[in-house]
Amino acid sequence: MEKRVTVKSEREEYRLFRSRAYVAALLVLIALSLVFARLVFLQMNQYEHFTALSKENYQKRIPVPPVRGLIYDRNGVVLADNHIEYVLEAAEDDVKDMPASLNKLMQLLPITIQEVNKYKQKLRVNSRFLPVVLRKNLTEKEIAIFSANRSRFPGFKVSVRVQRNYPLGSLASHLIGYVGRIDKRDLKNMDEAQKANYQGTTHIGKSGIEKQYESRLHGRAGYELTEVDAHGKPQLKLDEKAATTGEDLFLSIDIELQIKAEELLKEHNGAAVAIDPRNGEVLAMASMPAYDPNLFVNGISYANYNALRDNIDRPLFNRALQGAYPPGSTIKPMAAIAGLNSGVVTPSSSVYGKGFYQIPGNKRKFRCWKKAGHGHISLNRSLYQSCDVYFYDLAFRMGIKRYSKAMSRFGFGLRTGIDLPHESKALMPTAEWKRKRFDKFWYPGDTVNSGIGQGFFTATPLQLAHATAIVANHGRQFRPHILRATRVSRNLPKKLVTPEKLPSVGVTKLRYWDDVERGMINVVHGAHGTARSSAAGAKYRYAGKTGTAQVFGIAQNKTYDASKLKKKLHDHSLFVAFAPLENPRIALAIIAENAGGGSKVAAPLARKLLDTYLLTPQQKEELMANDDSTESDSSPSLMNINKLRKEAELKRQLKTQALINGSSNKTKNQTIIRPVQ
Amino acid sequence: MNSKNSSGLSSYIFRWLASLDLVLLVALALLIALGTIILFSASGENIKMMNKHTIHLVLATVVMLIATQLSSDLLKRWSFWIYIIGVAVLVLVLIQGSMGKGAQRWLEIGSLRFQPSEVMKLAVPMMVASYLSKKSLPPSFKDIFIACMLVVVPMMLIVKQPDLGTSLLVGCAGFFVIYFAGLPWKWLGASVAAIAIAAPLVFYFGMHDYQRQRVLTLFDPAADRLGSGYHIIQSTIAIGSGGIYGKGWLNGDQSRLDFLPERHTDFIFAVFGEEFGLLGNGILFFLYLFIIWRGLYLAMKGHDSFARLLGGSLSLTFFIYLLVNTGMVSGILPVVGVPLPLISYGGTSLVTLMAAFGLLMGLRRRKRGYDQNT
């Protein structure tokens with residue numbers, strides 16, 4: 001105490017403190033100014049930058065995928081729609097005790113062990129936060145059971161999924177195609193704008209019309225701008241733009257004709273294509289066997305895919321579009337036009353058919369199907385009797401260059417440009433082609449074979465139907481197409497697709513068409529026509545041409561004996577036709593694989609197709625009644641077969657009806673217009 | 001002064017009012033009002049939290065008013081015992097903590113939870129001030145050394161908890177006393193240099209991993225975007241996106257949507273900056289600066305060395321709070337758990353700070369009831 005009093009100087013200490021306090025006050029000011037300068041930097045200089053970051057934080061743009069457009073046939077029957085499906089799903093992170101929950105669920109719902117295993121496998125692959133589907137296609141009962149027990153399964157929930165659905169199953173499957181999950185390859189083919197448009201979309205058209213018109217069917221994605229908190233939980237909607245539904249497509253297909261064509265081809269593999277010659281609309285395009293496109297929508301299983309891929313009948317292969325068949329005699333009408341136009345034959349000139357053809361100076365015999373030979377034969381008879389020698393001679397005299405060029409005017413060897421992906425152009429051979437392909441010279445014998453649609457010459461059923469339509473039209477042609485009309489919205493009228501007219505086949509004399517047509521009429525209506533039996537009792541007049549395409553080469557001096565050959569090596573049976581004569585509304589080509597002669601199999605099938613398309617409902621009923629009366633005359637075995645067929649037919653019709661009606665119940669607000677013709 | 005003839009009670013109230021510094025009181029009230037407004041927003045309009053805050057405020061005000069009545073002589077006498085008890089409790093907490101798990105900062109007496117290190121923010125400067133005020137100033141080397149020991153011992157105990165933020169504040173509070181007592185400038189310069197050299201050593205050997213991480217994060221917040229960098233990234237976004245005028249009260253997206261962590265406690269300044277912008281920050285900084293300067297002014301008015309040293313230290317410690325917190329939230333200082341003084345939610349810190357301001361106001365008189373001019 002004493003020490004303090006004596007030594008301490010109050011005044012000095014106060015002065016000392018005061019100076020220190022002033023320094024402190026100044027330092028405080030400087031320090032706070034520095035912090036404040038930082039604030040000025042953040043809030044003035046960097047304001048925009050941080051505003052953007054802040055928005056990035058809390059504004060989430062969630063893409064809203066559009067509803068895919070529907071596909072209808074020409075009469076409004078739904079071919080592809082969107083099916084609402086309920087699924088049971090859960091994310092791994094949301095379920096506390098996964099094994100126990102799965103066990104309990106298996107007791108509650110008919111969930112199979114396979115489904116559980118698949119689910120576990122998917123859990124391992126997917127993110128812990130993403131819901132994975134345990135069971136698809138929940139029934140209403142299953143939903144009710146689960147909802148009642150929901151509290152026992154925290155994390156599990158029933159969600160709605162929209163899935164592409166093909167109500168008619170395998171019907172026209174090659175044509176309609178299917179959608180599948182978007183994969184890396186699909187993404188690679190998209191530009192940035194497309195990728196943005198597909199952000200919320202899971203499926204994309206993989207084949208057929210679904211692929212061809214993907215951009216129209218898909219529609220435009222919308223978005224929802226949502227405010228989210230730090231945990232990603234949506235708080236409120238800031239902005240939204242509704243998605244634009246994809247366009248509805250109306251195909252030119254007549255589903256009744258399509259059903260008939262597929263049914264007729266069930267016995268044999270094969271294809272049928274029908275075109276309206278007046279505008280190029282494809283009325284039916286069948287390829288059998290077919291597959292169920294619904295299998296592909298959510299990823300086909302390996303077992304199913306292998307079964308389809310390894311099937312010897314190749315159901316995945318679209319024969320109508322990609323099958324390159326030797327066209328056989330069905331190209332004779334076009335060859336005849338080519339010959340007339342080039343002047344190597346005239347309507348009145350004739351050739352002597354002695355059962356085979358030999359190139360002058362060559363011993364090799366090119367056989368005619370009629371061993372005895374046709375004798376002196378004119379153009380007309382060469383067509384209705386399908387004399388091969390006449391056309392061997394025609395092709396030989398034209399030479400491959402001229403012949404090939406003339407035939408390509410009918411579209412042979414070229415893609416028709418139909419609105420479907422992966423069309424084959426088959427082959428209209430030329431000398432250059434052979435040299436390039438095989439490094440071999442073109443022999444005159446190759447030309448001769450091409451004259452009857454054999455040898456290297458191949459054509460797709462679509463090309464054949466298209467060429468037949470050109471003949472029916474006397475040279476005028478339209479590009480074959482399947483899209484008939486589009487509709488942007490249900491409230492707006494359909495917009496028809498304008499048919500694309502192609503340059504006419506240049507033919508110097510118009511009467512040549514009549515000459516060839518007469519030959520084709522005689523094929524079906526003439527007393528000696530190769531297909532006269534199949535035209536019996538027709539309510540309209542039509543023109544046609546049979547074809548029997550060799551699959552198996554027969555050695556010289558041997559004869560073809562079907563019974564000794566394997567089915568796969570049997571001849572293909574073909575027929576082309578157009579009707580009615582006065583104003584052709586349908587041109588078709590049909591091929592039944594390994595079915596035998598064209599007149600025996602393909603011609604009657606073609607007749608049935610023409611009946612299906614051209615007859616009025618009353619006429620069809622009459623036809624049925626007539627069938628009954630003829631049946632009573634026939635032998636008991638035949639009667640039985642016919643009866644069975646009839647029953648099958650009825651059953652099928654009922655089934656189709658039910659299928660179509662059923663689908664109309666499923667899809668709301670859609671009136672299904674049944675064909676009224 | 002002139003209350004000789006007044007009746008007992010009224011003269012008592014008059015003297016009591018006269019002992020308060022109304023200027024500081026108004027500034028504090030303004031700051032607390034501003035803090036309460038922003039806390040309402042930062043708490044997510046949480047009424048329960050606001051009720052608790054009100055209780056804290058009432059408690060803090062009562063403690064402050066009591067503190068104003070404590071004369072500096074009284075404090076000088078108590079400081080030694082408060083200091084000794086404080087250090088003892090810190091040791092106790094450490095022992096308790098070593099038996100439990102991880103950080104142990106709280107002492108639980110019944111249902112009351114209480115942070116003993118908080119008391120040291122007042123006890124250490126009081127002890128150092130009382131020690132040095134007995135010596136002739138400027139102090140000798142030996143006095144400075146002993147004063148330093150008085151600061152370092154509790155500092156180390158608090159660092160061990162571990163609570164770097166509080167330890168730093170306690171250290172500052174003690175150091176400021178030595179500074180005001182007349183620490184020679186060359187020693188000051190030498191110690192700044194020593195700190196500069198020691199800092200890397202401390203960084204590599206004396207820090208916990210999480211503390212080291214916080215320092216690293218300051219230089220590159222993006223390196224650990226979701227970890228320790230997250231706080232700084234989100235708080236700078238909040239402040240920066242506030243702009244000049246702010247997003248408006250209750251409209252801070254960063255805080256409202258939970259992007260800002262610890263938004264009602266250590267990071268409340270980011271909420272303030274986001275909602276009130278640079279203008280609001282200007283007002284806030286002006287208020288703080290005013291309070292600190294007023295504190296220094298009051299310290300100068302202290303009637304003896306002890307009063308001046310304690311007052312100066314308390315004012316500057318308040319400033320350190322502000323500097324460390326705003327520096328951290330705006331991303332120029334490492335993340336250290338220091339609240340924004342008088343605004344961050346939390347009863348302990350509010351009570352301690354208000355008690356300090358109470359002491360500051362009472363420093364002018366020697367003894368309770370004594371006239372200043374006697």
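In the text below, chain A, chain B and the rest are named by the order of the sequence lines, each starting its count at 1.
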Next on the checklist: Check whether B:Trp249 forms a cation-pi arrangement with B:Arg256 (NZ or CZ under 6.0 Å from the six-membered ring centre, at most 45° off the ring normal).
Outcome noted: no

Between [X] and chain A, with a heavy-atom cut-off of 4.5 Å, which part of the residue counts as in contact: side chain, backbone, both or neither?
| X | result |
| --- | --- |
| B:Leu278 | both |
| B:Leu316 | side chain |
| B:Phe269 | side chain |
| B:Ala238 | neither |

Under a 4.5 Å heavy-atom cutoff, which of [options] has the most pairs with chain A?
| options | result |
| --- | --- |
| B:Gly312, B:Pro138, B:Pro261, B:Gly277 | B:Gly277 |
| B:Asp258, B:Asp253, B:Leu289 | B:Asp253 |
| B:Ile320, B:Leu322, B:Leu260, B:Asn281 | B:Asn281 |

Of all of [options], which one pairs up most often with chain B through heavy atoms under 4.5 Å apart?
| options | answer |
| --- | --- |
| A:Val28, A:Thr51, A:Val228, A:Val35 | A:Val28 |
| A:Tyr47, A:Phe17, A:Tyr58 | A:Phe17 |
| A:Leu29, A:Val23, A:Leu32 | A:Leu32 |

Checklist entry - Any sub-3.5 Å donor-acceptor pair from B:Glu275's side-chain atoms to B:Gly252's backbone N or O? => result yes

Checklist entry - Under 4.5 Å between any side-chain heavy atoms of A:Arg61 and A:Gln199, yes or no? => result no

Checklist entry - Salt bridge or not for B:Arg263 and B:Glu274, using N-O below 4.0 Å? => result no

Checklist entry - In terms of side-chain heavy atoms, does B:Ser241 have a donor or acceptor partner in B:Lys247 at a distance below 3.5 Å? => result yes

Item to check | B:Gln234 and A:Asn57: side chain donor to acceptor below 3.5 Å | outcome: yes

Checklist entry - Taking everything shown except A:Phe153 itself, do over 12 heavy atoms lie less than 6.0 Å from its CZ? => result yes

Next on the checklist: Does A:Gln121, at its CD atom, have more than 12 non-hydrogen atoms belonging to other residues, nucleotides or ligands within less than 6.0 Å?
Outcome noted: no

Is chain B contacted by the side chain of [X], its backbone, both, or neither, given a heavy-atom distance below 4.5 Å?
| X | result |
| --- | --- |
| A:Tyr14 | both |
| A:Glu12 | neither |
| A:Arg18 | both |

Checklist outcome for this item: With B:Tyr288 as partner, the option from B:Phe318, B:Tyr321, B:Phe319 fulfilling ring-ring contact (aromatic ring centres under 6.0 Å, His included) is B:Phe318

